[in-house]
Amino acid sequence: MTLFELARRNMARNFIQYFLYFGSMIISVLIFFIFVSIQYNDEAQAAAADSVKINTAFQAASIVLLIFVALFIWYSNSFFTKRRKKEIGLYALMGLRKKQIGWMLFFENLILGLMSLAVGMFIGMLLSKFFIMILMKLMHITVAVHFSISLPAILETIIVFLVIIVTASFYGYRLIYGFQLVELFRDEKKGDREPKVSIFQALLAVALIGTGYFLVLQDLKPPLWRLPIVALMMLLCIIAGTYLLFRSLTVFILKQMRKRKNVYYKGTNVIGISQLLYRMRGNARVLTVIAAMSAVTLVSVGTSYSFYYNAGEWTKNNFPHSYKYVIPVDQQDKAEQLLYKALRADGEQHKVTSHVSVPALNLDVQMLEYDGGSAEFDIISEAVYNQVAARYGQKDRIHLIGNEATMLAKFYEKKFKKSYIGHNGKIGSVESYENGGKKTFVHYVSYERTKFLQSTTVVVSDTMFQKLARVSKPLILNQIDVSGQEHLGKVDDQFLIAMNNLEKKIKERNAHYYGVFSFYGIYHSTMTAYGLIMFLGAFLGLVFLLATGSIIYFKQLNEAAQEKPQYAILRKVGLTNREIRGTIAKQAAFIFVLPLVMGVLHSTIALGALSRMIDDDLTVPAVICMGIYALIYFIYYLFTVRAYTKMVTS
Amino acid sequence: MMLLNAKGLQKVYGRKGQTYTAIRSLDLSIDKGEFVGVMGPSGSGKTTLLNIMSTIDQPSDGTVEINGRNMNTMNEKELAIFRREHLGFIFQDYNLLDTLTVEENIVLPLALAKVNANEIERRVHETADFLGLKELLNKYPYEVSGGQKQRTAVARATIFKPDIIFADEPTGALDSKSATTLLRMLTRLNEEEMATLLMVTHDAFSASYCHRILFIKDGEIFTQLDRGRFSRKEFFQKILDVLSVLGGEASDLI
């Protein structure tokens, strides 16, 4: 029998043993392949080319993914080899030379790798269309995605994984040289000695986590060069603190439980608690890794989802109307016709639900918050303002006399209030300035956020409006709402092109025209950008979650293999299968819940800081993310308990 | 009073074509308060017999009744609970849990049965006194000697005052001094606590502590030996005689 044959037979017989390793390899290939497929997908690239640089974003994410996949394969490979120590020892005992065993392991790894590459890519081809569709949906792009096989994606996946597989195979080959025969037969090291409670460690843990949180919650202050250092310190504090906490606090809790004999000596508690205690020291590291990964996942997914979630809201708040333009009086009907024409061309799928058109001016207004700089803003009279407010069903009314004025700022900030209220500002037309013409001074009595007006607007008294109208051409301010404004697509294209042409004509006549604000345009580009961020965040989050779950799963199964004899004893002593399942479920719950709680706590603090920084409420999106995360995590828990029980009772 | 009654036991391993018969046909009964030994050469089926009678394994045919209850009709859960409340086990390799202290190992059957903590403490100390384990209660199995481990196992097996204690080569891994101590303790349990014991052994010295010995060969009872009024030494000699007829390997005799 050749070595290749031996390797092949080994795998065929112990397929279940190999399955875990095989499974994680396939998943790694699958994820990577889907990712590059999206990156190389023509439709995805074409659709997003004008709004965001999809390629760059994906390239960065794919590097993160690559590192991750490599680490994951390495982890499952070493887990897998550990479980086969005895088998390898047996070959050595039977007189196979190290070199031969090495080659056998090499071939095994190679066959397994190549098979998972093929299977992973095949499943990936079937699934990639689905993922591209999700991406398009998130980016609010309507494209028919076709089933396609991307050659560059296949090539890139093959190259990357060949390197990983060959490296892993050589690692398997080298492994045998690191072993002593006697070592191969020695049982896996029996669990650690019972750990001691260290008050010092517990206090240090609390202090470290506290310091970390304190740093997170600080306002970002210059100098900015300190930022990376602070961030690094923060991370180190929290991770070290979490580790010490797991090491000390868990031991403390378990020992307390053990002291209370009426709890401890109740049913299977005596088994569960002592086993957890026994393994705690070894588990602390894994628990820390899982807590950290959970936190990273929750923060990245939470952040990207929050952005996505708030982006739509933000656009709707800042662009409350489908269209807004200010146009010379004689062009008013023309513009309106253009809109109706565009709506008709689209088959009347969208209807105008409200159209407010009122007399307005557009003049150069001194911006007091910026020390005298100026910009052109809309000017309306007090009467018009009150009329518009009534039209939109708002209760706001303004009453001004003489040269009093109110500034309604679009990008309102409270701190600018004192720049305006009680101060004088000047308004005039650019042309009149150039001709040495006069400026009109107004006295600001109020500074507020714009509510139902699209743009920054100055409201003046009726008499002041008359006065200003004399130096400027009369214009009409239009605010139009159209039903289904998120999906205006074609209407928007046609209308904006038509308005563009109209603008050229108006400008030829040297008249004033102040561009169209289109809700759809801004909404669309915002959602495209944040949709992409959301997709990347969710995708990487999913990968992290998969890896986190798998690490606990592997770890627990490894433990199950070691605990098997103990459970055999317990069965003889008279533990029912149900009780065995119960104690396993309790122990696993301890292992699963602790890092989840810490991860959620860390990410809550981080998201809280973020929410303060961007001044947005992230509660709903963050809770949704954590809920989904906990749910998937719980499914992993169920699988682990099932597999563990099966392993020790079979 | 009959405590254990096994009838027509048969155990066949393997599937069609390739079968191996471990127990051909066997009847056996044990009275309350007896100390019964089972001997036989390697592969004679003694451990299989013990496993079947102690409900860890199921017979291919035949019935086992303990205390009037039929083991064949119980499900997994009932069997497990029956085991922990009515049966005690002592194994050659101790089968103690490494993660538990001596005390916790002993407590296990009581804890599983949810006896209250005070009662548990009382019984642990009583049993530990009897078996000389008092000083060792807070130690872990890796910290005590083989003989002490086996006494811990005995304590675990007896703390529930089981109907019958099954011992599978209990002295197999012990040096002769520890073995003698252990056998004396089993005898005391039998005499003072009225415990019923069934011990599988291939060591004639250990067997000489029993009241009655069943010799098994090729899955059947070959012969039976009663101690009657013989002294232990005389009984030991008789056992050796039977073994030589039985044709066990030399290594099995001592």
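Letters A, B, ... are given to chains in the order of the sequence lines, protein chains preceding strands, and every chain is numbered from 1. Remember, it's a predicted structure, so these values are computed and weren't measured experimentally.
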(request) Return yes when atom CD of B/E192 has more than 12 non-hydrogen atoms of other residues, nucleotides or ligands closer than 6.0 Å, and no otherwise. (result) yes

(request) Measure distances from B/N95 to the heavy atoms of chain A and classify the residue's part below 4.5 Å as side chain, backbone, both or neither. (result) both

(message) Surrounding CZ of A/F639 (heavy atoms of other residues, nucleotides or ligands, distance under 6.0 Å), is the total greater than 12?
(response) no

(message) Is A/I273 close to chain B through its backbone or its side chain, or both, or neither, when contacts mean heavy atoms under 4.5 Å?
(response) neither

(request) Name the option with the most non-hydrogen atom pairs under 4.5 Å to chain B; the candidates are A/K572, A/Q275, A/R578. (result) A/K572

(request) Report the distance from atom NZ of B/K114 to atom OG1 of A/T268, rounding to the nearest 0.5 Å. (result) 7.0 Å

(message) Does atom CD (B/E143) have a neighbourhood of more than 12 heavy atoms from anything else shown, all under 6.0 Å?
(response) yes

(message) I need the residue from B/I56, B/L97, B/L96, B/V107 with the largest number of non-hydrogen atom pairs under 4.5 Å to chain A.
(response) B/L97

(message) Using heavy-atom distances under 4.5 Å, tell me whether B/E78 contacts chain A through its side chain, its backbone, both, or neither.
(response) neither

(request) Identify which of A/Q566, A/E579, A/K261 forms the greatest number of heavy-atom pairs closer than 4.5 Å to chain B. (result) A/Q566

(message) How about CZ on A/F252, more than 12 heavy atoms from neighbouring residues, nucleotides or ligands closer than 6.0 Å, or not?
(response) no

(request) For B/T201, check side-chain contact (heavy atoms from CB on, under 4.5 Å) against everything at least two apart and list the hits. (result) B/M39, B/E169, B/M199, B/D203, B/S206, B/A207

(message) Looking at chain B, which one of A/V573, A/L570, A/I569 has the largest number of heavy-atom pairs inside 4.5 Å, strictly under?
(response) A/I569

(request) Look at atom NZ of B/K161 and say whether more than 12 heavy atoms of other residues, nucleotides or ligands are closer to it than 6.0 Å. (result) yes

(message) Quick check for you: among B/A117, B/S54, B/A113, B/A80, which has the greatest number of heavy-atom pairs under 4.5 Å with chain A?
(response) B/A80

(message) Within a 6.0 Å radius of atom CZ on A/R260, are there more than 12 heavy atoms belonging to other residues, nucleotides or ligands?
(response) no

(message) Quick check against the 3.5 Å criterion: does B/R83 have a side-chain atom that pairs as donor or acceptor with the backbone of A/T576?
(response) no

(message) Can you see whether A/Y265 engages B/E119 through a side-chain donor-acceptor pair at a distance of less than 3.5 angstrom?
(response) no

(request) State which residue, out of B/L100, B/N105, B/T99, fulfils the side-chain contact (heavy atoms from CB on, under 4.5 Å) condition with A/V270. (result) B/L100

(message) Quick check: under 4.5 Å, non-hydrogen atoms only, which of residues 584-595 of chain A neighbour chain B?
(response) none

(request) Side chain from CB out, backbone as N, CA, C, O: work out which of these in B/F91 comes under 4.5 Å of a heavy atom of chain A, or both, or neither. (result) side chain

